[in-house]
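No hydrogens, no waters, no symmetry mates; every other heavy atom, side chains included, goes into these values.
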Amino acid sequence: MTGGVVSSLGKGIISASLACLLKARGFRVTIQKFDPYINIDPGTLNPYEHGECYVTVDGHEADLDLGHYERFTNIQTTRANNVTTGRIYQSVIDKERRGDYLGKTVQIVPHITDEIKRAVKALGNTGNFDFVITEIGGVVGDIESLPFLEAVRQLRWELGSNSLCIHLTYVPYIAAAKELKTKPTQHSVKKLQELGIQPDVLVLRTERNISPEMRRKIALFCNVAADAVVQSIDVDTIYRVPLKMHEQQLDQIVLRKTLTSSEGEPNMGPWMDFLNKMDAATETVTIGLVGKYVELQDAYKSINEALFQAATYNCHKLRLIYIHSEKVNPDNVAERLQGLDGVIIAPGFGQRGIEGKFVALKYCREHNIPTFGICLGMQCMVIEFARDVLGYTDANSTEMDHATPHNVIDLMEEQKSISNMGGTMRLGAYECRLAPGSKATEAYGTELIRERHRHRFEFNNEYRDQFERAGMACVGENPETHLVEVVEIPTLRWFVGTQYHPEYSSTVLQPNPLFLSFVKAAIAYGHEHL
């Protein structure tokens with residue numbers, strides 16, 4: 001899957017939609033994303049650069065597109081599903097240092113391209129998959145993408161009919177001329193052809209319907225079969241895209257061109273049930289998300305989608321209101337949180353915006369508003385409780401204040417000797433044992449769960465007895481280390497914090513139970529205040 005003209009056209013959504021359709025036909029499918037930046041992974045990237053950092057079950061920090069892959073397919077991704085230029089070069093340089101190349105000059109071709117091809121083939125071999133969908137990040141013509149595209153060219157020759165290239169491009173509508181323009185697509189395909197790659201399928205991202213005549217014109221100029229030019233027109237939700245792609249016969253085209261036999265239609269029944277619930281919803285639940293990156297729509301992508309899924313399964317529409325934590329203070333908190341049915345205190349790192357989270361949490365706790373703290377949000381719950389209930393007014397996390405006398409949140413012991421930033425946190429899925437009768441246990445329906453983590457700091461167990469005596473229960477802990485994973489205040493409607501990130505495991509067909517429970521509590525609270 002390659003892209004042209006401009007970025008952010010939705011290669012990840014088209015890739016995930018195709019995977020969804022093929023999986024619904026009974027095929028074993030996986031998806032991988034190749035990111036052309038030199039970072040080893042996005043773990044050290046500011047959210048302003050690439051949105052949220054997604055975490056796989058095996059603890060790899062990955063591009064947010066992997067979240068789309070999992071949400072659309074229910075496939076758990078791993079380190080093998082996201083590869084950056086940095087990873088490729090690091091692997092090649094490590095081999096060179098070991099002498100694996102026997103003194104040969106190490107070059108882009110064949111060494112870098114061979115490593116890229118190896119990453120594609122290795123993923124297919126490890127899972128015995130029928131299809132591996134490989135998304136090449138960036139846009140054709142970008143300098144940094146050239147090694148990946150050269151690897152694609154070579155793979156096309158090596159794999160023959162066992163491979164095909166889908167090129168996603170943009171057909172803009174010029175309002176002044178009242179016309180769709182095909183020239184950008186033509187130039188994009190020409191650029192791809194100059195690199196030795198002939199696309200088999202064109203997916204045209206568009207805001208207006210593209211006529212059959214215009215599609216035939218594009219096919220003619222781009223050397224693509226007329227029946228392999230499909231459109232991806234804007235829709236109200238990304239979850240309609242698989243159905244739109246099936247209407248455009250994208251899955252049938254792929255099967256035909258790869259000489260793969262498949263009878264009947266994909267089983268999209270459960271997916272349709274989700275969309276029918278979404279369409280049938282008439283009432284709205286209003287959730288406020290308090291964080292410091294709220295101006296970025298992708299910074300909390302997995303949380304947004306988990307909330308949307310939970311609202312849909314609770315037969316409600318979601319109204320999500322972003323509240324900048326830097327702008328919340330004791331004087332305006334009531335106004336900022338007015339009219340909300342529930343509040344999410346977002347994850348993050350660093351001092352900026354932290355005091356606003358404390359203010360919001362105190363208001364929610366004192367006014368018994370359903371509240372969900374995730375990762376740093378959970379840590380803020382603990383700090384606010386220590387300050388305003390236990391009376392430790394100078395309580396803090398050592399992340400924010402190294403000298404705090406009441407370090408209720410502290411650096412994990414195994415992290416204290418680490419100076420590297422990348423890939424050194426507690427990452428990936430860990431088990432958590434929940435206390436019987438807790439809201440968390442009620443939500444999950446079991447006492448032993450497994451969720452994904454991304455953090456360095458933890459609840460300080462030296463204060464555990466004080467918290468529990470004062471009314472904040474530690475209802476989830478790691479069975480091996482006894483680190484606290486979940487806290488809640490049982491006397492409140494719904495006031496739960498998790499050290500882990502439950503949003504990572506929420507999918508269209510299997511929404512996360514804790515989000516379902518939170519949204520259900522928010523709906524009930526909203527009805528009380530009608």
Asp388 side chain reached by Arg365 side chain, heavy atoms, under 4.5 Å: yes

Can you classify the ring geometry of His316 versus His527 as parallel (below 30°), tilted (30 to 60°) or perpendicular (above 60°)? tilted

Taking atom types as modelled, find out whether Glu477 and Asn461 have a side-chain donor-acceptor pair closer than 3.5 angstrom. no

Is it the case that atom CZ in Arg352 sees more than 12 heavy atoms from other parts of the structure closer than 6.0 Å? yes

Rounded at 0.5 Å granularity, tell me how far CG in Asn267 sits from CG in Leu21. 11.5 Å

Does the side chain of Cys20 come within less than 4.5 Å of Met268's, by heavy atoms? yes

Checking Phe459 against Arg464 for the side-chain contact (heavy atoms from CB on, under 4.5 Å) test, could you report, in this order, the C-alpha distance in whole Å, the side-chain angles of both residues, the deciding distance, and whether it holds? CA-CA 8 Å; Phe459 181 93; Arg464 183 166 178 168; 3.9 Å; yes

Under 3.5 Å: donor-acceptor pair, side chain of Asp410, backbone of Thr398: no

Verdict with reasoning, Arg426 to Glu485, per salt bridge (Lys or Arg N to Asp or Glu O under 4.0 Å): CA-CA 12 Å; Arg426 188 180 185 208; Glu485 309 278 6; 3.1 Å; yes

Asn304 and Phe308, any side-chain heavy atoms less than 4.5 Å apart: no

Between Phe467 and Phe385, is the ring centre distance below 6.0 Å? yes

Min side-chain heavy-atom separation Arg87-Thr84 under 4.5 Å: yes

Determine whether Gln309 and Tyr239 satisfy the following criterion, side-chain contact (heavy atoms from CB on, under 4.5 Å), listing intermediate values before the conclusion. CA-CA 10 Å; Gln309 293 154 9; Tyr239 299 121; 3.2 Å; yes

CD (Glu144) with more than 12 external heavy atoms under 6.0 Å: yes

Derivation and outcome, ring-ring contact (aromatic ring centres under 6.0 Å, His included), residues Tyr322 and Tyr300: CA-CA 10 Å; Tyr322 297 100; Tyr300 306 110; 7.3 Å; no

Please check this pair: side chain of Lys11 against backbone of Gly138, looking for a donor-acceptor N/O pair closer than 3.5 Å. yes

Atom OG in Ser506, atom CD in Glu305: separation rounded to 0.5 Å? 9.0 Å

Quick check: do Pro502 and Tyr444 have side-chain heavy atoms less than 4.5 Å from each other? yes

For the backbone of Lys33 and the side chain of Asn82, can you confirm whether one donor and one acceptor N or O come within less than 3.5 Å of each other? yes

Side-chain (Gln379) to main-chain (Ile409) donor-acceptor, under 3.5 angstrom: no

If you measure from NE2 on His68 to OG on Ser302, what distance do you get to the nearest 0.5 Å? 8.0 Å

Which is it for Thr286 and Ile321 under the side-chain contact (heavy atoms from CB on, under 4.5 Å) test, yes or no, and what are the steps along the way? CA-CA 7 Å; Thr286 303; Ile321 295 177; 3.6 Å; yes

According to the interplanar angle, ranging from 0 to 90°, do the rings of His453 and Tyr500 count as parallel (below 30°), tilted (30 to 60°) or perpendicular (above 60°)? perpendicular

Lys/Arg-Asp/Glu bridge criterion (N-O < 4.0 Å) met for Glu52, Arg454: no

I'd like to check Phe518 versus Ile344 (side-chain heavy atoms, cut-off strictly below 4.5 Å). Are they in contact? yes

As an exercise, state the distance from CZ of Arg433 to OG1 of Thr441, rounded to the nearest 0.5 Å. 10.0 Å

Salt bridge check: are Lys292 and Glu326 linked by an N-O gap of less than 4.0 Å? no

Gap separating the CG atom of Asn81 from the CZ atom of Phe34, nearest 0.5 angstrom: 10.0 Å

Answer yes or no: are there more than 12 heavy-atom neighbours, outside Ile38 itself, under 6.0 Å from its atom CD1? no

With the threshold set at 4.0 Å, does a side-chain nitrogen-carboxylate oxygen contact exist between Glu70 and Lys301? no

Carboxylate-amine/guanidinium proximity below 4.0 Å for Glu355 and Arg387: yes

Quick check against the 3.5 Å criterion: does Tyr525 have a side-chain atom that pairs as donor or acceptor with the backbone of Ile369? no

Tell me if a side-chain donor or acceptor on His501 pairs with a main-chain N or O of Glu503 at a distance below 3.5 Å. no

Just so I know, are the side chains of Ser438 and Val486 near enough to count as touching, which here means a heavy-atom distance under 4.5 Å? no

Ignoring hydrogens and angles, tell me if any N or O in the side chain of Asp341 forms a donor-acceptor pair with the backbone of Val285 under 3.5 Å. no

Heavy-atom distance under 4.5 Å between the side chains of Thr77 and His60, does that happen here? no

Looking only at non-hydrogen atoms, find the nearest pair between Ile323 and Gly288 and report the distance. CD1-CA, 4.1 Å

In terms of heavy-atom contacts, Met245 and Ser17 come closest through CG-CB, 4.3 Å

Leu9 backbone acceptor or donor facing Arg205 side chain under 3.5 Å: yes

Does one side chain, of Tyr69 or Asp63, offer a donor that lies under 3.5 Å from an acceptor on the other? no

Other residues, nucleotides, ligands: >12 heavy atoms within 6.0 Å of Glu366 CD: yes

Which value, rounded to the nearest 0.5 Å, describes the distance between Thr371 atom OG1 and Leu492 atom CG? 8.0 Å

Main-chain N/O of Val235 paired with Arg240 side-chain donor or acceptor, under 3.5 Å: no

Whether Tyr392 and His406 hold their rings parallel, tilted or perpendicular, with breakpoints at 30° and 60°: parallel

Begin with the C-alpha distance, continue with both residues' side-chain angles, and end with the deciding distance and a verdict on side-chain contact (heavy atoms from CB on, under 4.5 Å) for Val139 and Val6. CA-CA 6 Å; Val139 176; Val6 294; 5.6 Å; no

Backbone N or O of Leu275 within a donor-acceptor pair of the Thr312 side chain at under 3.5 Å? no

We want to know whether Ser517 and Glu442 form a side-chain donor-acceptor pair, criterion being a heavy-atom distance below 3.5 angstrom. no

Over 12 non-hydrogen atoms of neighbours within 6.0 angstrom of CD in Glu335: no

